[in-house]
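See structure below.
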Amino acid sequence: MISQKIAQLINSQIAKEQYAAQYYLSMSAWFYAKDLDGIANYFRVQSKEELMHADKMFDYLVDVGAEIVPGEIPQPPHQFADAKDIFEKALEHEKVVTQSIFHILKNANDEGDFATVSFLQWFVNEQVEEEANASQLVTKINMVSGNPSALYLFDQELGQRVFSPDTEN
Ligand SMILES: [Fe+2]
Ligand SMILES: [Fe+2]
């Protein structure tokens, strides 16, 4: 049986994943407004992934019979200095999410709640991927900054990303 504390932590993590989805949508909108639809697409897919993360946690709480209490989702920033600023904020945010997942994991482990420990393993691996991708994109945006033809190609590249819930799961 899941403790109230762990259930509460996962409930609030659901809201954090939904916040991340909103944040990425906000980033996506910024790029659409700049006619960089490929990069906008990338963040839109990213946003859908975050909703999928929230869904996975919701399903878990259902499975373990925990009380589900929808959390409050704060308004994310919607003004950004430039493209580089957005990629840096995306990376920063993924790091925050990683720490938040580690925090739940640590508590679950301390309580001997190995079902939650096992459930969270997927998210631990996912965060490694998320941080690696976000970090690589920071490097790339630094490479293409100030070079319109390189930015054009970068936009094309990110436009290729498709949301595939089957492989993301
Ligand atoms: Fe996530
Ligand atoms: Fe993420």
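Whatever order the structure lists ligands and atoms in, that order sets their numbers, starting from 1.
- In this structure, the side chain to side chain contact (heavy atoms under 4.5 Å, CB included) partners of Glu157, at least two apart in sequence or on a different chain, are Lys140, Phe154.
- Applying the salt bridge (charged side-chain N to carboxylate O under 4.0 Å, His left out) rule to Lys106 yields the partners Asp110; only residues at least two apart in sequence or on another chain are considered.
- Under a 3.5 Å cut-off, the side chain of Asn11 and the backbone N or O of Ile68 do not form any donor-acceptor pair.
- Within the 6.0 Å centre-distance limit, the rings of His93 and Tyr19 are counted as a close aromatic pair.
- In this view, Lys84 and Glu88 satisfy the salt bridge (charged side-chain N to carboxylate O under 4.0 Å, His left out) rule, not counting sequence neighbours.
- Under the 30°/60° scheme for interplanar angles, the aromatic rings of Tyr23 and Phe80 are found to lie parallel.
- Neighbours of the Fe ion (ligand 1) restricted to protein N, O or S atoms under 2.8 Å: the count is 3.
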